[in-house]
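Only one structure is covered here, and it is reproduced in the block below.
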Amino acid sequence: MKLLRKILFPIVPIYYVVTWMRNWFYDLGVFKSKSYNLPVICVGNLSTGGTGKSPMIELLIRVLKDSYQVATLSRGYKRETQGFRLADNSDTAKTLGDEPFQFFSKFYNDVQIAVDSNRQRGIENLISLPKKPDVILLDDAFQHRKVAAGFNILLTTYHDLYADDWVLPTGNLREPKQGAKRAQLIVVTKCPNDISDSEKEQIILKLKPEANQNVFFSSIDYSEVVFSEDTSRDLLSLENFTLVTGIANASPLVLHLKNNGLQFEHLNFPDHHAFTDADISRLGQQKLLLTTEKDFMRLKGFENLREKLFYLPIKAVVHEHEVFKQHVLNYVKSGN
């Protein structure tokens with residue numbers, strides 16, 4: 001794959017120009033963006049995935065849900081349904097997509113969870129509901145410029161900063177790094193818990209934020225307890241298990257488990273992998289399975305895995321949480 005990306009380097013300038021011109025036309029108003037008279041917060045990235053968007057959406061839900069009626073709107077990647085869909089108790093990962101179903105499973109009493117690949121249509125359906133949301137969270141919509149979100153949170157990972165990357169196909173950027181200027185907040189995710197102030201300063205210098213942008217740093221908080229459909233166990237009690245991942249970058253999780261002295265086999269599938277009958281049969285032969293919360297949404301419906309399948313919850317922890325929270329609340333309080 002690395003060799004192929006190098007071979008495709010001559011395509012990089014073409015991709016760069018096409019995506020740069022698209023953004024330029026939106027900036028000029030040639031391509032139209034639609035604004036809304038309620039707060040819309042977009043969480044996204046410049047790269048192709050694995051920056052921690054789902055934990056950030058969940059963090060925002062926790063910040064807002066006690067004071068506001070919150071709705072999330074996602075594309076619903078790889079779902080088996082079409083058009084706008086508002087989650088209810090009949091839904092599964094197949095009808096919503098794994099990440100929206102994860103949001104629904106955790107916050108169904110507090111938050112409206114919707115999916116629609118057409119973000120304008122999705123927002124218009126949400127604001128026409130009898131219980132209209134006060135604020136809408138757009139999941140993975142930084143490049144969906146047909147909607148002009150009032151507040152953009154751009155994520156980039158500690159080990160793979162967008163400042164060090166190239167656009168596709170040689171690099172992982174969906175658009176030129178100048179696109180970062182559209183964000184109000186930039187969050188460097190998956191940082192070591194002990195990252196120093198001096199290292200943060202060096203990263204900020206590398207990212208070169210605009211005067212109106214604020215840069216924050218966040219880490220992953222791993223639960224000490226793993227959960228199944230019916231029970232829970234201490235993470236450190238697991239022995240000789242099989243780790244099953246279908247996410248963009250499993251390296252931080254693998255490192256966390258190894259740092260805790262756990263012994264395991266790792267079955268690593270592509271991001272949003274649709275598990276086949278053969279996959280499920282193979283997993284059913286394992287003694288004990290540990291997976292991510294997102295993957296659990298797709299695997300928990302298989303009866304032969306029920307007694308052996310556990311997931312490890314994670315949370316995003318912003319290092320200056322109260323300052324970050326106040327930026328978000330100030331925007332929402334402004335009303336648009």
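A quick note: this is a predicted structure, and the numbers were derived from the prediction, not measured.
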Discussion item. Could you go through Phe84 and Asn118, starting from their C-alpha distance and side-chain angles, then the distance that decides it, and tell me whether this counts as side-chain contact (heavy atoms from CB on, under 4.5 Å)?
Written reply: CA-CA 8 Å; Phe84 177 80; Asn118 183 325; over 6 Å; no
Worksheet item: Would a 4.5 Å heavy-atom cut-off, applied to side chains only, mark Leu235 and His256 as touching?
Response: yes
Response to the item:
Minimal heavy-atom distance between Phe101 and Lys300, with the atoms involved, is CE2-CE, 3.6 Å
Worksheet item: Hey, mind stepping through Asp110 and Arg62 against salt bridge (charged side-chain N to carboxylate O under 4.0 Å, His left out) and telling me if it holds?
Response: CA-CA 10 Å; Asp110 304 302; Arg62 293 186 178 98; over 6 Å; no
Discussion item. Please determine whether the number of non-hydrogen atoms from other residues, nucleotides or ligands lying under 6.0 Å from atom CZ of Arg75 exceeds 12.
Written reply: no
Item to complete: Might you point out which heavy atoms bring Ser54 and Phe103 nearest each other, and give the distance in Å?
Response: O-CE2, 3.8 Å
Worksheet entry | Phe241 side chain near Leu262 side chain, heavy-atom distance below 4.5 Å | yes
Discussion item. Around atom NZ of Lys181, are there more than 12 heavy atoms from other residues, nucleotides or ligands closer than 6.0 Å?
Written reply: no
Item to complete: Please step through ring pair (Phe, Tyr, Trp, His ring centres under 6.0 Å) for the pair Phe269 and Phe275, ending with a clear verdict.
Response: CA-CA 9 Å; Phe269 295 91; Phe275 292 97; 5.2 Å; yes
Worksheet item: Salt bridge or not for Asp160 and Lys190, using N-O below 4.0 Å?
Response: no
Fill in: Positive for side chain to side chain contact (heavy atoms under 4.5 Å, CB included) with Thr51, one of Val188, Thr156, Leu155
Leu155
Discussion item. Once you measure the plane-to-plane angle for Tyr331 and Phe151, does it fall in the parallel (<30°), tilted (30-60°) or perpendicular (>60°) bin?
Written reply: parallel
Worksheet item: When you measure from the side chain of Ser67 to the backbone N and O of Leu64, does any donor-acceptor pair fall under 3.5 Å?
Response: no
Discussion item. Between Lys308 (side chain only) and Leu289 (backbone N and O only), is there a donor and an acceptor less than 3.5 Å apart?
Written reply: no
Discussion item. Please check: side-chain N/O of Asp98 versus main-chain N/O of Met297, any donor-acceptor pairing under 3.5 Å?
Written reply: no
Worksheet item: Does a side chain donor of either Asp279 or His273 reach within less than 3.5 Å of an acceptor in the other side chain?
Response: yes
Worksheet item: Do you reckon Tyr77 sits in the same ILVMFWY cluster as Ile57, going by side-chain contacts under 4.5 Å, direct or chained?
Response: no
Discussion item. Are Ile41 and Tyr68 connected into the same hydrophobic cluster when the rule is that any two of I, L, V, M, F, W, Y join if their side-chain heavy atoms are below 4.5 Å apart?
Written reply: yes
Worksheet item: Is it true that Arg182 and Glu175 have a side-chain N and a carboxylate O under 4.0 angstrom from each other?
Response: yes
Worksheet entry | Check: Gln102 side chain, Lys294 main-chain N or O, donor-acceptor pair, under 3.5 Å | yes
Practice prompt. For the pair Phe324 and Val187, evaluate side-chain contact (heavy atoms from CB on, under 4.5 Å) and give the outcome as yes or no after the intermediate values.
Written response: CA-CA 10 Å; Phe324 173 87; Val187 182; 4.0 Å; yes
Worksheet item: Arg174 side chain to Ser47 main-chain N or O, any donor-acceptor pair under 3.5 Å?
Response: yes
Practice prompt. Give a yes-or-no answer on whether the side chains of Asp295 and Thr292 include a donor-acceptor pair shorter than 3.5 Å.
Written response: yes
Discussion item. Counting neighbours of NZ on Lys78 that are heavy atoms of other residues, nucleotides or ligands and sit closer than 6.0 Å, is the number greater than 12?
Written reply: yes
Item to complete: Might you work through the side-chain contact (heavy atoms from CB on, under 4.5 Å) test for Glu99 and Lys53, ending with a clear yes or no?
Response: CA-CA 10 Å; Glu99 289 157 338; Lys53 294 182 293 294; 6.0 Å; no
Item to complete: Kindly check if the number of other-residue, nucleotide or ligand heavy atoms within 6.0 Å of CD (Glu265) is above 12?
Response: yes
Fill in: Under 3.5 Å donor-acceptor, Gln184 side chain and Asn212 backbone
no
Worksheet item: Okay, side chain of Thr72, backbone of Leu137: is any donor-acceptor separation there less than 3.5 Å?
Response: no
Worksheet item: Is Lys65 atom NZ crowded by more than 12 heavy atoms from other residues, nucleotides or ligands, each under 6.0 Å away?
Response: yes
Worksheet entry | N/O donor-acceptor pair under 3.5 Å between Ser128 side chain and Glu124 backbone | yes
Worksheet item: Taking Gln69 for the side chain and Asp134 for the main chain, is one N or O donor matched with an acceptor at less than 3.5 Å?
Response: no
Worksheet item: Taking the inter-plane angle between the rings of Phe25 and Phe31 on a 0 to 90° scale, is it parallel (under 30°), tilted (30 to 60°) or perpendicular (over 60°)?
Response: perpendicular
Worksheet item: Does a side-chain heavy-atom distance below 4.5 Å link Tyr162 with Leu154?
Response: yes
Practice prompt. Please answer whether the main-chain N or O of Ser251 pairs with a side-chain N or O of Asn249 as donor and acceptor at a distance below 3.5 Å.
Written response: yes
Discussion item. side-chain contact (heavy atoms from CB on, under 4.5 Å) for Lys177 and Val167? Distances and angles first, verdict last.
Written reply: CA-CA 8 Å; Lys177 59 192 72 174; Val167 296; over 6 Å; no
